[in-house]
Peer 1: 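Encoded as structure tokens, here's the structure I'll be asking about.
The figures that follow rest on heavy atoms only: side chains count, while hydrogens, waters and symmetry mates do not.
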Amino acid sequence: MVAGRRTCYREHMCTVVILRRPGHEWPLLLAANRDEMAGRPWDPPGRHWPDRDNVVAGIDKLAGGTWMGVNDEGVVAAILNRKDSLGPDDTLRTRGEIVLEALDHADAADAAEALSELDGRSYRSFNLVVADNRDAFWVRSMGEVAGGRIDVAEIPVGISMLTAFDLNDPVSGRVAFHLPRFEAATAPDIAAGDWSSWQALLASTEHGSNTDSRDAMRIVTDFGFGTLSSSLIALPSVDFPDRKPVWQFASGAPGETAFGPVEL
């Protein structure tokens, strides 16, 4: 792998899209594409941790953590690498454990507060989304360069997008090009099981004319890095206590692999 390519893909690692709409029957919708090296082993979402039998998440078989999960209490969490921080560091803890720590909580606000006490110097830099049907937070660590400080901010109502940069940051070519497309799209109809508008956007290989091809939602390269899976999650309102969250998962690149339901 040439150095230029490595630098480029480090800057484009995963995407999470969040729609917050308080008062709706489904107040939190989340879409995510996971971008990774194809050779890194993983398994699809399941109850992989006997000591956390309330957690459903994909498992990174290399480090034992996860990139995204949901717990039985209705909290969802997803982590993304920040720019220039792809891959493990043997001197630091795996970021995949942070998602599991978030899912140890029954409430997103409690999880965000607990994560704010982490020492960011123990991990490579990251962005994390933690949300439930009432609240949603962006948790950011710049790692050693910020002295280990963890920043927590509420995710605003409406559509937001998170990549390897800050929330809704137009410095990200992916945000600049695709956030307006999500804002203009028809919202998924969860009752009808219709996610088609978001599925099409997650599968898009389009990008701005002045940006790199890896600013597409679905990344395709010739060196083993790309979009390996995709998720669509909906959390029901507290007014419908008998409803469970919905998770549709594609165990390959969206547009090439069909989405199917995850058992929750």
Side-chain angles (χ1 to χ4, degrees), residues 10-22 24 26-35 67-68 76-86 95 98-99 102 108-109 111-112 115-116 120 125-143 145-146 149-188 195 197-204 206-219 227 230-235 254:
R10 278 182 170 182
E11 297 185 4
H12 301 273
M13 176 63 185
C14 303
T15 308
V16 174
V17 178
I18 311 102
L19 171 57
R20 293 191 65 203
R21 43 185 187 176
H24 195 278
W26 298 91
L28 191 288
L29 304 185
L30 185 149
N33 276 356
R34 180 180 182 236
D35 309 323
W67 62 94
M68 173 182 287
V76 58
I79 199 162
L80 306 86
N81 299 341
R82 284 187 64 88
K83 180 177 178 290
D84 293 329
S85 72
L86 180 64
R95 288 168 289 196
I98 300 171
V99 176
L115 294 178
S116 72
S125 60
F126 65 84
N127 288 321
L128 181 133
V129 172
V130 58
D132 57 26
N133 53 16
R134 296 176 303 277
D135 301 300
F137 301 94
W138 163 41
V139 181
R140 180 184 71 175
S141 170
M142 305 294 287
V145 298
R149 186 186 74 250
I150 303 291
D151 300 311
V152 178
E154 184 176 7
I155 295 173
V157 171
I159 290 272
S160 290
M161 182 180 286
L162 190 60
T163 63
F165 298 86
D166 287 350
L167 186 72
N168 298 326
D169 190 344
V171 170
S172 165
R174 191 178 301 168
V175 169
F177 185 75
H178 291 283
L179 181 56
R181 303 177 83 200
F182 275 93
E183 291 172 331
T186 301
W195 294 86
S197 59
W198 281 21
Q199 287 176 346
L201 290 171
L202 290 172
S204 174
E206 297 179 73
H207 58 93
S209 59
N210 295 322
T211 62
D212 190 275
S213 63
R214 276 148 285 195
D215 284 320
M217 286 297 298
R218 175 165 63 95
I219 296 176
T227 302
S230 189
S231 290
L232 295 159
I233 293 175
L235 302 183

Peer 1: Who are the side chain to side chain contact (heavy atoms under 4.5 Å, CB included) partners of R181, not counting sequence neighbours?
Peer 2: F177, H178, L201, S204, E206
Peer 1: With sequence neighbours excluded, tell me which residues meet ring pair (Phe, Tyr, Trp, His ring centres under 6.0 Å) with W138.
Peer 2: none
Peer 1: Given V16 and M161, is the side-chain contact (heavy atoms from CB on, under 4.5 Å) satisfied, shown in steps?
Peer 2: CA-CA 6 Å; V16 174; M161 182 180 286; over 6 Å; no
Peer 1: Got a sec, which residues hit side chain to side chain contact (heavy atoms under 4.5 Å, CB included) with S141, two or more places apart in sequence or on another chain?
Peer 2: F126, I150
Peer 1: If you compare all heavy atoms of P188 against all heavy atoms of S197, which two are closest, and at what distance to 0.1 Å?
Peer 2: N-OG, 4.2 Å
Peer 1: To the nearest 0.5 Å, how far apart are CG in N81 and OG1 in T163?
Peer 2: 11.5 Å
Peer 1: Could you tell me which residues satisfy salt bridge (charged side-chain N to carboxylate O under 4.0 Å, His left out) with E154, sequence neighbours excluded, listed by chain and number?
Peer 2: R20
Peer 1: Please report the shortest heavy-atom distance between L29 and A234, naming the atom on each side.
Peer 2: CD2-CB, 3.4 Å
Peer 1: Whether the side chain of S230 engages the backbone of A32 through a donor-acceptor N/O pair (distance < 3.5 Å, no angle test) should be reported.
Peer 2: yes
Peer 1: Can you tell me how far the OG1 atom of T15 sits from the CG atom of D35, to the nearest 0.5 Å?
Peer 2: 5.5 Å
Peer 1: Only counting residues at least two apart or in another chain, list the ones meeting salt bridge (charged side-chain N to carboxylate O under 4.0 Å, His left out) with R140.
Peer 2: D151, D166
Peer 1: Can you name the residues that form a side chain to side chain contact (heavy atoms under 4.5 Å, CB included) with V171, not counting sequence neighbours?
Peer 2: F165, D169
Peer 1: Nearest 0.5 Å, what's the CD1-CG distance between I18 and L30?
Peer 2: 6.0 Å
Peer 1: Holding to salt bridge (charged side-chain N to carboxylate O under 4.0 Å, His left out), I want the full list of residues that pass it with R21, two or more places apart in sequence or in another chain.
Peer 2: none
Peer 1: Using every non-hydrogen atom in the two residues, find where L167 and P156 come nearest and quote the distance to one decimal.
Peer 2: CD2-CD, 3.9 Å
Peer 1: If every non-hydrogen atom of L232 is compared with every non-hydrogen atom of Q199, which pair is closest and at what distance?
Peer 2: CD1-CG, 3.6 Å
Peer 1: So, taking the atom named CD1 in I159 and the one named CG in L19, what distance separates them when rounded to the nearest 0.5 Å?
Peer 2: 4.5 Å
Peer 1: Which atom pair, heavy atoms only, marks the closest approach of P254 to N33?
Peer 2: CG-OD1, 3.7 Å
Peer 1: Going by the rule side-chain hydrogen bond (donor to acceptor under 3.5 Å, both in side chains), which residues pair with D135 if we only count those two or more places apart in sequence or in a different chain?
Peer 2: none
Peer 1: Side chain of R82, backbone of N127: donor and acceptor closer than 3.5 Å?
Peer 2: no
Peer 1: Quick one: side chain to side chain contact (heavy atoms under 4.5 Å, CB included) partners of P27, sequence neighbours excluded?
Peer 2: N133, S237
Peer 1: Mind listing the closest non-hydrogen atom pair of V130 and A112 along with its distance?
Peer 2: CG1-CB, 4.2 Å
Peer 1: By ring pair (Phe, Tyr, Trp, His ring centres under 6.0 Å), which residues pair with F137, not counting sequence neighbours?
Peer 2: none
Peer 1: Start with the C-alpha gap between V152 and L115, add the side-chain angles, then the distance that decides, and say whether side-chain contact (heavy atoms from CB on, under 4.5 Å) holds.
Peer 2: CA-CA 9 Å; V152 178; L115 294 178; 5.9 Å; no
